[in-house]
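Computed over heavy atoms, backbone and side chain alike; hydrogens, waters and symmetry mates excluded.
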Amino acid sequence: MQGLVLQLTRLGFLLLLWLFVYAVIRTIRADIATAGGSRLPRYARNDKRQRTARTARGAARYLVVTQGALANTRITLGTQPVLLGRADDSTLVLTDDYASERHARLSRRGDDWYVEDLGSTNGTYLDRSKVTTAVKVPLSTPIRIGKTVIELRP
């Protein structure tokens with residue numbers, strides 16, 4: 001009887017060890033995915049973004065792709081919403097395997113722009129936060145859709 005209890009205890013500890021290893025690997029993968037491969041330390045990137053946001057005033061006039069297959073693409077914004085995704089009828093057609101057909105939408109409310117995820121598989125991120133509802137997008141704040149990063153610029 002004691003041998004059975006000992007074996008079950010060993011099995012339980014082994015299971016807990018593997019769950020811990022799995023949790024660590026998931027956390028590291030999530031950090032790597034949201035870092036976007038930037039070589040700047042996290043605090044340096046945040047300081048740069050804050051300086052850029054402070055100097056950029058006024059309403060957004062352009063949508064600029066800063067990273068990804070469409071880097072340096074610039075779209076002039078009007079009053080119509082901007083649909084982002086792999087679908088051919090999207091305003092910005094993303095050639096990104098991690099983007100959904102209809103991934104996200106940018107819509108204007110007054111002078112402000114809001115981003116909302118349209119039920120995508122891999123999610124939409126505003127800076128480092130996952131978008132679950134319509135969220136106001138400050139100027140020069142990165143919006144990440146898969147490997148593509150876009151920003152609103154004045």
Side-chain angles (χ1 to χ4, degrees), residues 15-154:
L15 179 65
L16 284 175
L17 176 66
W18 279 109
L19 286 174
F20 176 74
V21 169
Y22 175 73
V24 169
I25 290 172
R26 270 190 77 185
T27 303
I28 291 171
R29 285 187 63 193
D31 285 347
I32 290 171
T34 57
S38 176
R39 291 191 171 93
L40 288 176
R42 186 177 292 177
Y43 63 87
R45 287 194 313 264
N46 289 339
D47 289 346
K48 182 180 176 184
R49 288 182 191 139
Q50 288 171 357
R51 275 196 312 273
T52 304
R54 266 188 250 122
T55 59
R57 297 286 181 227
R61 296 187 334 174
Y62 302 103
L63 178 67
V64 180
V65 180
T66 58
Q67 291 179 21
L70 300 172
N72 300 322
T73 301
R74 187 170 96 169
I75 297 174
T76 303
L77 297 172
T79 57
Q80 297 298 317
V82 177
L83 185 62
L84 308 165
R86 289 191 338 231
D88 290 335
D89 62 341
S90 297
T91 310
L92 180 62
V93 179
L94 302 174
T95 55
D96 190 335
D97 293 337
Y98 297 100
S100 298
E101 291 290 317
R102 299 192 187 288
H103 196 99
R105 176 177 34 232
L106 281 166
S107 54
R108 188 174 186 158
R109 298 179 190 169
D111 283 341
D112 298 324
W113 285 87
Y114 288 78
V115 64
E116 59 184 309
D117 187 80
L118 300 176
S120 65
T121 304
N122 294 316
T124 303
Y125 293 85
L126 178 62
D127 203 7
R128 299 185 131 261
S129 304
K130 188 169 186 173
V131 174
T132 55
T133 61
V135 180
K136 182 179 173 183
V137 180
L139 292 175
S140 300
T141 302
I143 301 168
R144 179 174 299 282
I145 297 173
K147 295 179 182 177
T148 304
V149 179
I150 59 175
E151 294 180 5
L152 295 176
R153 300 275 174 90

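- Not counting sequence neighbours, the partners of T95 by the side chain to side chain contact (heavy atoms under 4.5 Å, CB included) test are A69.
- Within the model, atoms CG of L63 and CD1 of I150 stand 4.5 Å from one another, a figure rounded to the nearest 0.5 Å.
- A heavy-atom distance below 4.5 Å is not found between the side chains of L17 and L19.
- Between the side chain of D111 and the backbone N or O of A59, no donor-acceptor pair lies under 3.5 Å.
- Applying the side chain to side chain contact (heavy atoms under 4.5 Å, CB included) criterion to D112, with sequence neighbours excluded, gives Y114, K136.
- Taking K130 as the reference, Y125 meet the side chain to side chain contact (heavy atoms under 4.5 Å, CB included) condition, with sequence neighbours excluded.
- Here the closest non-hydrogen pair linking Y98 and G146 is CB-CA, 3.6 Å.
- Considering OG1 of T148 and CG of L94, their distance stands at 5.0 Å, rounded to 0.5 Å.
- In terms of the side chain to side chain donor-acceptor pair (under 3.5 Å) criterion, residue partners of T124 (sequence neighbours excluded) are, by chain and number, H103, D117.
- Minimum interatomic distance between R86 and A99 (heavy atoms only, all atoms of both residues): NH1-O, 2.7 Å.
- Every residue two or more places apart in sequence or in another chain that forms a side chain to side chain contact (heavy atoms under 4.5 Å, CB included) with T66 is listed here: V64, V149, E151, R153.
- Without hydrogens or angle criteria, R108 side chain to G110 main chain gives a donor-acceptor distance under 3.5 Å.
- One finds the CG atom of L139 at 13.0 Å from the OH atom of Y62 (value rounded to the nearest 0.5 Å).
- I145 places none of its side-chain heavy atoms less than 4.5 Å from the side chain of N122.
- Remark: D89 pairs with R102 by the side chain to side chain donor-acceptor pair (under 3.5 Å) rule, at least two apart or across chains.
- Closest of all the heavy-atom pairs between V93 and A87 is CG2-O, 3.5 Å.
- Inspection of the D127 and T141 side chains reveals no N or O donor paired with an N or O acceptor under 3.5 Å.
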Contacts under 3.5 angstrom, residues 70-81 side chains, donor-acceptor by atom type, not counting sequence neighbours:
from	atom 1	to	atom 2	distance (Å)
T73	OG1	L70	O	2.6

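- A distance of 5.0 Å separates CG in L152 from CD1 in I143, rounded to the nearest 0.5 Å.
- Taking S100 as the reference, nothing meets the side chain to side chain donor-acceptor pair (under 3.5 Å) condition, with sequence neighbours excluded.
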